[in-house]
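Here is the structure we will look at, set down as structure tokens.
Proteins get letters first, then strands, A, B, ... in listed order; numbering begins at 1 in each.
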Amino acid sequence: MQTYLRPILITLAILLTVYLSLDIQNLDSERRRPETEVFDVEKYVADIWENQIPRIMHQAIEIPNLLDALAYNPEEAFRQHSKVLGISNTHYFLVQGNGVITSLNEETITVAIQDTIIADIATVFIFGNTVRDASGLVDISDFANMMDFNQVSVQMNRLIRNERATPLRNQAQPGMAISLIGATEINRLEEVPSQLFITPIHYQLHDE
Amino acid sequence: MIRKSIILILLTAAVLTLFSCQRGGEQGKGRIAVVISTLNNPWFVVLGESAASKARELGYEAVIFDSQNNSAREAEHFDNIIAMGYDAILFNPTDADGSVVNVMRARNAGIPTFCMDREINSRDAAITQLLSDNFTGTVKLGQYFVQKMEKRGNYVEILGLVGDNNTWNRSEGFHSVVDEFPELRMVARQSADFDRNKAMEVMESIMQAQPNIDAVFCGNDAMALGAYQAILSAGKEGSIKVFGFDGSHDALQSIATGRMSATVMQFPVLMAEMSAVFADEYLNGRRDFDARTPVEVILVTPENVHQFLNPEN
């Protein structure tokens with residue numbers, strides 16, 4: 001009797017140990033999990049573009065006021081009006097201005113603001129994180145990796161190119177008045193550029 | 001055999017404990033572990049030594065652990081670091097996904113981890129991750145590339161390690177620009193694992209298959225220099241533009257002498273030192289860290305390379 005019992009008890013003990021060591025889950029539920037965690041960049045950016053950016057556009061500083069502030073007290077101007085990501089000397093600003101289109105160029109539209117200030121509106125080179133970071137609406141800590149965080153910029157730039165830059169390039173004519181809200185970047189270690197390079201976020205054209 | 005192994009482990013632990021007690025008594029602020037993916041690469045040596053040096057300057061005992069690009073060895077290091085009760089870990093991971101579990105174990109043991117240079121795919125395992133802003137760097141490089149290529153031509157891309165997020169962040173940044181110009185055509189794309197010799201071989205074989213190449217974009221400078229060597233051997237120097245990433249001294253010299261077109265300067269010493277500073281601040285009570293701390297990188301071209309070759313200027 002004992003000779004039968006021992007192997008049975010050992011086998012049961014092994015089976016119990018193996019059973020307790022395993023956590024069996026449905027394979028389909030495991031397969032589904034990563035899909036639910038995939039970052040839907042189009043949906044995320046659509047919400048920012050349609051709902052959140054319109055709410056912060058009033059925060060954009062008038063371009064002449066920004067240039068005055070940078071000339072008067074740069075430290076305070078950067079602190080009060082710009083945003084910066086991580087450890088960087090490049091600062092991002094939301095800006096606005098009213099001016100007159102003076103020329104249409106291959107990659108930009110040049111605008112004179114208050115006669116003395118010249119700004120270039122980007123119509124081709126709309127890349128990087130200028131709008132994402134100037135908006136201050138996207139928190140890096142919300143993302144599982146830098147790739148997803150950067151995809152926000154790629155998608156945002158795509159929308160700007162399709163919905164702002166291309167229509168603006170098609171409609172603009174020299175002599176037209178323009179009201180513009182956009183984003184620009186300035187490196188605090190360099191001189192403030194004589195011509196700001198602005199990525200458009202919103203614009204209105206008016207015949208003079 | 002098993003008994004012998006257990007005795008050996010216990011003896012090792014006892015010796016390490018005694019050693020750590022003795023060393024711990026010498027330093028007032030505690031101990032920081034610096035875990036580096038590999039010390040076979042000078043880049044990571046600089047990263048590790050800069051982090052350790054800054055930690056010592058801040059008053060900590062610092063010990064460097066070499067994972068030898070082996071995730072199992074990295075896990076062993078974390079086991080020892082947790083067992084020995086280090087106060088913080090400055091960490092350069094071997095694997096974006098595989099290393100997360102190690103950082104979580106340290107976190108659960110109450111040891112904060114600060115990632116350097118390489119990313120792990122987690123929002124909250126590490127206190128923060130100091131990473132070069134690779135994407136922004138290659139966006140700038142991509143714009144310069146488009147201008148130098150006058151928006152047309154055939155190019156090759158040589159990627160770094162395919163399991164490293166830096167590889168893809170650099171590639172994504174570059175393509176987010178270049179892909180908007182349809183007359184710029186990528187005729188080949190291959191990995192060379194950030195290795196100079198592999199990149200030379202890859203470029204040689206690509207040039208045999210693709211006779212009309214106008215440029216090559218490489219995920220780091222070592223590969224760019226390897227690709228240039230292949231181009232030189234094929235007698236095509238001057239007709240194929242070479243773009244890299246890192247800002248190594250050899251690459252800067254190559255830009256100054258017209259062999260390379262551009263690179264992107266990273267700042268490993270800054271990243272390493274700031275990770276030690278952040279660890280010190282955390283241990284002194286600071287808690288408001290972003291999950292990631294990108295570190296700015298700078299486009300280096302023939303127009304500004306003198307600033308980096310002669311930093312005193």
After noting the C-alpha distance and the side-chain angles of B:F217 and B:Y155, does the key distance pass the ring-ring contact (aromatic ring centres under 6.0 Å, His included) rule? CA-CA 7 Å; B:F217 163 58; B:Y155 71 93; 8.2 Å; no

Mark yes or no: A:R188 above the aromatic ring of A:F78, with NZ or CZ under 6.0 Å from the six-membered ring centre and no more than 45 degrees from the axis. yes

Between atom CD of B:E183 and atom CZ of B:R152, what is the distance when rounded to the nearest 0.5 Å? 5.5 Å

Relative to chain A, which segment of B:V146 carries a heavy atom at a distance below 4.5 Å: side chain, backbone, both, or neither? side chain

For the residue pair B:T167 and B:D164, confirm or rule out a side-chain donor-acceptor distance under 3.5 Å. no

Are there residues of residues 161-172 of chain A whose heavy atoms fall under 4.5 Å of chain B's heavy atoms? If so, which? A:R161

Side chain, backbone, both or neither: which part of B:F181 has a heavy atom under 4.5 Å from chain A? side chain

Distance-minimising heavy-atom pair for A:I181 and A:A60: CG2-CB, 4.1 Å

Working note: B:F145 + B:F174, criterion ring-ring contact (aromatic ring centres under 6.0 Å, His included); need CA distance, chi angles, decisive distance, verdict. CA-CA 9 Å; B:F145 180 94; B:F174 180 78; 5.0 Å; yes

Structural part of B:E180 lying under 4.5 Å from a heavy atom of chain A: side chain

B:M271, part contacting chain A, at a heavy-atom distance under 4.5 Å: neither

Quick one: do the B:D95 and B:S71 side chains pair a donor with an acceptor below 3.5 Å? no

Toward chain A, the part of B:S176 with a non-hydrogen atom under 4.5 Å: both

Give, as side chain, backbone, both or neither, the part of A:E107 having an atom under 4.5 angstrom from any heavy atom of chain B. side chain

Apply side-chain contact (heavy atoms from CB on, under 4.5 Å) to residues A:I87 and B:T293 and explain how you reach the verdict. CA-CA 7 Å; A:I87 300 169; B:T293 307; 3.9 Å; yes

Between the side chain of A:N89 and the main-chain N/O of A:N187, is any donor-acceptor distance below 3.5 Å? no

Kindly say whether B:G219 contributes a backbone atom to a donor-acceptor pair with the side chain of B:R170 at under 3.5 angstrom? yes

Part of B:L130 within contact of chain A (heavy atom distance under 4.5 Å): side chain

Assess the residue pair B:W168 and B:N134 against the criterion (side-chain contact (heavy atoms from CB on, under 4.5 Å)); give the C-alpha distance rounded to whole Å, side-chain angles, the decisive distance to 0.1 Å, and a yes or no. CA-CA 9 Å; B:W168 296 111; B:N134 291 294; over 6 Å; no

Is it the case that the side chains of B:R105 and B:N102 hold a donor-acceptor pair, with the cut-off being a distance below 3.5 Å and no angle test? yes

Among the listed options B:M274, B:E172, B:Q143, the residue most often paired with chain A at heavy-atom distances under 4.5 Å: B:Q143

Do B:W43 and B:N220 have side-chain atoms, one donor and one acceptor, less than 3.5 Å apart? no

Where along residues 122-146 of chain A does a heavy atom come under 4.5 Å of chain B, listed by residue number? A:V124, A:F125, A:F127, A:G128, A:N129, A:D139, A:I140, A:S141, A:D142, A:F143, A:A144, A:N145, A:M146

